[in-house]
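Just so it is clear: chains get the letters A, B, ... in the order the sequence lines come, proteins before strands, and each one is counted from 1.
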Amino acid sequence: MTDIEKPLNFIQKVIEEDLASGKTKQVQTRFPPEPNGYLHIGHAKSICLNFGLAKKYGGQCNLRFDDTNPEKEDIEYVESIKNDVKWLGFEWAGEVKFSSSYFDQLYDWAVYLIKEGKAYVCDLTQEETREYRGNLTEAGKKSPFRERSVEENIDLFARMRDGEFQDGARSLRVKIDMAHGNMQMRDPIIYRIKNMEHHQTGDKWHIYPSYDYAHGQGDAIEGVTHSVCTLEFAEHLPLYNWFIENLPVPAVPRQYEFSRLNVNYLVTSKRKLKQLVDENVVNGWDDPRMPTISGMRRRGYTAQSIRNFIESTGVTRVDGVVDMSQLEFSVREDLNENSPRAMCILRPLKVTLWNVPEENSTEYLVAPNHPQREELGTRTLIFDREIYIDKEDFQEEGNKKFKRLVIGKRVRLRNAYVIEADEAIKDSNGEIIEVKARIIEGTLGNNPEDGIKPKGVIHWVSAVQNVDCEVRLYDRLFNDIAPDAGGKDYMQSLNPDSLEVLTGCKGEVSLQAPSTDIPYQFEREGYYFLDEDSDYDQDLENQKLVFNRTIGLRDTWDK
RNA sequence: UGGGACGUCGCCAAGUGGUAAGGCUCUGGGUUUUGAUCUCAGCAUUCGUAGGUUCGAACCCUACCGUCCCAGCCA
């Protein structure tokens with residue numbers, strides 16, 4: 001990167017002050033996803049922030065699954081989340097943590113609160129609880145069960161734990177203030193009855209702690225110094241601190257909130273992404289059109305490009321929407337620097353170079369793998385009398401702006417000769433099926449001797465020896481710049497053309513054994529990454545190669 | 001109408017009393033065997049609005065306007 005120092009964000013400033021004052025000895029953070037879906041670009045921000053903070057200040061970051069609600073969770077998600085965090089390039093401290101590991105301690109602390117007269121078992125139904133809570137402008141009413149005796153509360157709470165009651169029959173609430181301006185403080189529920197198995201604790205529990213009750217205490221148990229979360233939890237801060245102050249916790253963590261990442265044209269809500277998967281709008285969580293980490297990975301986005309993007313957007317408390325172009329810039333920046341080049345014809349049009357002798361027409365040419373990075377080596381290109389160019393690179397009659405092949409005009413074949421087109425051959429429908437052209441002698445590495453330079457450069461592939469492949473082009477999933485803003489129905493703005501599959505594409509022979517760790521730049525086309533649907537086969541006839549277009553090249557050609 | 005947070009260029013985002021960084025986008029020029037890359041130049045007399053304090057304000061004060069979050073036994 002650069003040696004220009006980046007200004008610190010507000011959380012970094014807090015940490016530097018805490019370190020300077022001695023309040024914090026060693027920074028401890030945590031990334032705390034609930035395993036109820038796949039991670040998406042929004043989580044990448046939290047991951048980069050939490051792990052990045054720990055790394056920057058020589059501390060550690062835990063990966064903690066906030067698994068307090070077995071209803072929505074699944075072991076499939078914990079595995080995918082671990083995989084995604086690792087892929088993004090981060091390493092968590094020690095073993096993976098689970099909020100469920102603290103259920104015993106949390107239970108003991110709940111009993112402690114009861115004994116202190118600060119928690120009570122409430123028999124109000126869910127509807128009654130809502131009525132008693134009041135609303136934004138009216139104070140709530142105290143629950144009639146608020147003054148139960150300590151003994152009765154302890155007994156009832158134990159019986160809740162033992163599975164004696166139906167789901168929702170009772171709850172454990174903390175006694176704070178039913179008239180508090182902050183709704184979170186109106187005797188929040190900290191334990192609810194759910195007679196159901198948990199993916200980590202099996203059938204041990206019939207009651208599960210709420211997020212509010214489990215999160216801060218989990219932080220304290222793990223010695224988290226700076227608990228950073230998104231802005232919607234700012235409302236919970238007083239409650240977070242209430243527990244820390246009223247419980248004999250081993251440490252005092254502090255919560256700081258930042259605004260979540262929003263990118264236009266994207267939807268980032270686990271619930272909504274799940275709907276796209278469940279209704280088969282996309283082909284799974286890792287569909288390359290999804291803004292999930294796994295989808296982006298499959299599409300060809302590099303971990304570095306995602307990290308750079310997150311870094312470029314900053315950390316503040318301002319609600320904003322980042323432009324998609326900023327993400328695209330980070331992806332292109334990294335890929336341009338690191339992708340090997342290759343030529344691939346997406347929509348083949350045969351060109352016969354009639355002045356190349358028919359006998360022994362094959363010629364081997366050498367091309368650099370990267371135009372600016374010699375150290376990346378070279379590759380061999382096969383040149384023949386018959387080649388393919390892209391249909392879009394030929395017009396019978398061009399115009400000043402069309403810098404490609406035109407009848408009677410010249411064009412440079414990338415890394416090869418200059419050619420001039422003579423004739424277009426059409427089928428009975430009038431469609432051009434072949435072009436007759438000729439090479440200009442002596443133009444390999446040189447300009448034509450007659451001084452008539454070609455207008456442009458186009459890519460090509462031998463029609464005799466090439467690699468057949470399928471190419472999948474992706475466009476945005478939604479046509480609306482803010483698909484789900486203001487409660488809009490995002491399913492109404494789905495882009496019907498978000499996937500275009502091209503078969504019979506022709507790649508140069510270096511693509512026979514393609515790279516599986518970084519996209520190629522198909523010159524003049526964009527960046528393309530090998531999809532996992534590909535099938536390798538020693539027998540090339542049976543090999544099936546599929547490439548995903550990660551992103552096109554920047555295009556400043558005003559058509 | 002209760003409580004909380006936030007408003008600096010089209011989009012991100014520094015700046016927190018001394019006279020508006022940077023990135024993305026966009027526009028124009030140069031180099032180029034990728035209409036890519038690279039490179040040069042341009043792009044806020046102005047910081048939500050209106051007053052006030054001050055020699056001096058985006059930064060301090062007051063009022064107003066706008067946006068977002070909170071009424072799950074979700075996280």
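Remark: A:R404 is positioned above the aromatic ring of A:W557, its terminal NZ or CZ atom under 6.0 angstrom from the ring centre and at most 45 degrees off the axis. Geometrically, A:K194 does not engage A:Y208 in a cation-pi contact defined by less than 6.0 Å to the ring centre and at most 45° from the axis.
Side-chain contact check for A:Y132 and A:E127: no donor-acceptor pair (N or O, by modelled atom type) lies under 3.5 Å. Side-chain atoms of A:T302 and A:Q304 form no donor-acceptor pair, as typed in the model, at a separation below 3.5 Å. Side-chain N/O atoms of A:S305 and A:E333 include no donor and acceptor closer than 3.5 Å.
Phosphate contact (OP1/OP2 of B:rC74, side-chain N/O of A:K194, threshold under 4.0 Å): present. Listed pair A:R133 / B:rC70 fails the phosphate criterion, with no side-chain N or O lying under 4.0 Å from OP1 or OP2. Proximity of A:R130 to the phosphate of B:rG72: a side-chain N or O atom is located under 4.0 Å from OP1 or OP2. OP1 or OP2 of B:rG35 lies within a sub-4.0 Å distance of a side-chain N or O belonging to A:R524. Between B:rC26 and A:R554, a contact under 4.0 Å exists linking OP1 or OP2 to a side-chain N or O. Side-chain N/O atoms of A:R317 include none lying less than 4.0 angstrom from OP1 or OP2 on B:rG7. For the OP1/OP2 pair of B:rA36 and a distance below 4.0 Å, the side-chain nitrogens and oxygens of A:T556 include at least one atom meeting the criterion. A:R332 has no side-chain polar atom (N or O) that falls below the 4.0 Å cut-off from OP1 or OP2 of B:rU37. One finds no side-chain N or O of A:R186 lying less than 4.0 angstrom from the OP1 or OP2 phosphate oxygen of B:rG2. When the side-chain nitrogen and oxygen atoms of A:K13 are compared with OP1 and OP2 of B:rG15, one or more of them lie within a distance under 4.0 Å. Side-chain nitrogen and oxygen atoms of A:T316 include at least one within less than 4.0 Å of the OP1 or OP2 phosphate oxygen of B:rA13.
To the nearest whole angstrom, the two P atoms, one in B:rC38 and one in B:rU25, are 10 Å apart. Taking atom C1' in both B:rG23 and B:rU8, the straight-line distance is 15 Å, to the nearest Å. With both ends at atom C1', the span from B:rG22 to B:rG2 equals 41 Å, rounded to whole Å. Separating the C1' atom of B:rG4 from that of B:rA71 is a span of 14 Å, rounded to the nearest Å.
With its glycosidic angle more than 90° from 0, B:rG17 adopts the anti conformation.
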